[in-house]
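See below for the structure under consideration.
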Amino acid sequence: VEIVVDPLVVVFAVLYALAGSLWQWVVVFASLLVHEVSHAVVAAGFGLTVAEVRITPIGAAVRIDDAIELRAEAEAAVAMAGPMTSLVLAGAGYILLAYGKPDTARAEFFIGANIVLALLNLVPAFPLDGGRVLRALLAERMGMSGATRAAVSVSRWIGGLAVVAGAVGAAIGVASPLAMVMGVLIWVEA
């Protein structure tokens, strides 16, 4: 499996290094890479052909050459592999924090990064893992075409709500405008 890293990822690494936060970037990058590789491993276990794992500054994806959407059980299992792996990593970090002698701030960041990675990916919107699980679950009742249309509709609602919530939150100073960016990405990808 080819692992492709977008050149902008290196630019972000340099920016984080200049800001004195390279270790945080490394934690997030490594966690994201393990998350995505777990998708690839489970896909291979279903006999699917994994072409590449692509890492970009705004996320990552596994490209599967086979028509995974034709096998709902495979799509659901492959999609759930990433969030479950992130939760296992968070659990390992918690065990290390509880029973080891780690740097507390770094261990807590590792745990938090993996929990956020898992939870964000479980949102039932494309292109996130939760959107793929939603489609797989709906496919039994609606067929793959109907399930895809329904999952896209849910994704667009979630994307639109994220844009509104991000705008309102940013306007009143309680949230980052990052939610708006995520909402737009979800809407476009859906």
Side-chain angles (χ1 to χ4, degrees), residues 4-6 8-9 12 28-29 31-40 42-43 46 48 50-87 90 112-190:
V4 179
V5 179
D6 187 294
L8 283 177
V9 171
F12 274 76
V28 171
F29 181 83
S31 296
L32 184 61
L33 184 60
V34 171
H35 175 106
E36 293 302 324
V37 168
S38 71
H39 289 305
V42 173
F46 275 94
L48 300 167
V50 179
E52 71 180 13
V53 174
R54 179 172 295 277
I55 309 289
T56 70
I58 59 169
V62 172
R63 189 176 59 129
I64 298 172
D65 282 344
D66 302 306
I68 190 172
E69 64 275 357
L70 299 179
R71 295 176 55 197
E73 77 286 351
E75 183 173 33
V78 170
M80 286 303 295
M84 294 302 104
T85 298
S86 295
L87 290 175
N114 279 286
I115 289 172
V116 167
L117 185 57
L119 293 178
L120 279 177
N121 272 281
L122 287 172
V123 171
F126 282 124
L128 304 173
D129 299 331
R132 297 190 180 283
V133 171
L134 175 64
R135 178 171 70 173
L137 293 172
L138 293 174
E140 284 188 29
R141 291 188 212 148
M142 308 172 86
M144 192 52 73
S145 180
T148 300
R149 281 192 299 277
V152 165
S153 179
V154 169
S155 300
R156 290 208 168 141
W157 272 101
I158 290 171
L161 288 172
V163 168
V164 170
V168 170
I172 62 174
V174 297
S176 164
L178 185 59
M180 291 187 306
V181 174
M182 290 294 293
V184 169
L185 289 173
I186 287 170
W187 177 273
V188 169
E189 288 295 318

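This is a predicted model, so every value here is computed, not measured.
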- Message: What verdict does the side chain to side chain contact (heavy atoms under 4.5 Å, CB included) test give for F29 and V5, after you've listed the backbone C-alpha separation in whole Å, the side-chain angles of each residue and the deciding distance to 0.1 Å?
- Response: CA-CA 10 Å; F29 181 83; V5 179; 4.2 Å; yes
- Task: Check the pair V9 / D6 against side chain to side chain contact (heavy atoms under 4.5 Å, CB included), numbers first and verdict last.
- Result: CA-CA 6 Å; V9 171; D6 187 294; 4.2 Å; yes
- Item | Derivation and outcome, side chain to side chain contact (heavy atoms under 4.5 Å, CB included), residues R135 and M144 | CA-CA 7 Å; R135 178 171 70 173; M144 192 52 73; 3.7 Å; yes
- Query: Which is it for F126 and V152 under the side chain to side chain contact (heavy atoms under 4.5 Å, CB included) test, yes or no, and what are the steps along the way?
  - Reply: CA-CA 7 Å; F126 282 124; V152 165; 4.0 Å; yes
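Distance CZ/R63 to CD/E52: 4.5 Å, rounded to 0.5 Å. Here the CG-CG distance, from L128 to L119, works out to 12.0 Å after rounding to the nearest 0.5 Å. Interatomic distance, CD1 of I64 versus CD of E75, reported as 8.5 Å (0.5 Å rounding). Residue M84 holds its CE atom at 10.5 Å from NE2 of H39, rounded to the nearest 0.5 Å. Taking CD1 of I158 as the start and CG of L134 as the end, the distance is 8.0 Å to the nearest 0.5 Å.
Shown here for I186 and P127, the closest heavy-atom pair between the two residues is CA-CD, 4.5 Å. Nearest approach of V154 to P124, heavy atoms of both residues: CG1-O, 3.5 Å. For A162 against G183, the heavy-atom pair with the smallest separation is CB-CA, 3.7 Å. The shortest heavy-atom contact between D129 and G82 is OD2-CA, 4.5 Å. Between S38 and A81, the shortest heavy-atom contact is OG-O, 3.3 Å. Considering every non-hydrogen atom in both A136 and A76, the closest pair reads CB-CB, 3.8 Å.
Residues R71 and L48 are in side-chain contact: their nearest non-hydrogen atoms beyond the backbone lie under 4.5 Å apart. Residues M182 and V163 fail the side-chain proximity criterion, which asks for heavy atoms closer than 4.5 Å. Two residues are said to be in side-chain contact when any heavy atoms from C-beta on lie closer than 4.5 Å; M80 and L122 meet this criterion. Annotation: side chain of S31 is not in contact with side chain of E36 (no heavy-atom distance under 4.5 Å). In this structure the side chain of V4 never reaches within 4.5 angstrom of the side chain of V53, judged on heavy atoms.
Counting only N and O atoms by type, the side chains of T85 and H35 include no donor and acceptor under 3.5 Å apart. Between the side chains of R149 and S145, a donor-acceptor pair is found at a separation under 3.5 Å.
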Mind listing the side-chain donor-acceptor pairs of residues 55-62 below 3.5 Å, one per line with the distance, residues two or more places apart or on another chain?
{"from": "T56", "atom 1": "OG1", "to": "I58", "atom 2": "N", "distance (Å)": "3.4"}
{"from": "T56", "atom 1": "OG1", "to": "G59", "atom 2": "N", "distance (Å)": "3.3"}
{"from": "T56", "atom 1": "OG1", "to": "G59", "atom 2": "O", "distance (Å)": "3.0"}

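Side chain of S86 to backbone of L117: no donor-acceptor contact under 3.5 angstrom is found.
The salt bridge (charged side-chain N to carboxylate O under 4.0 Å, His left out) search around E140 returns none, not counting sequence neighbours.
Heavy-atom contacts from other residues, nucleotides or ligands closer than 6.0 Å to CZ of F46 number more than 12.
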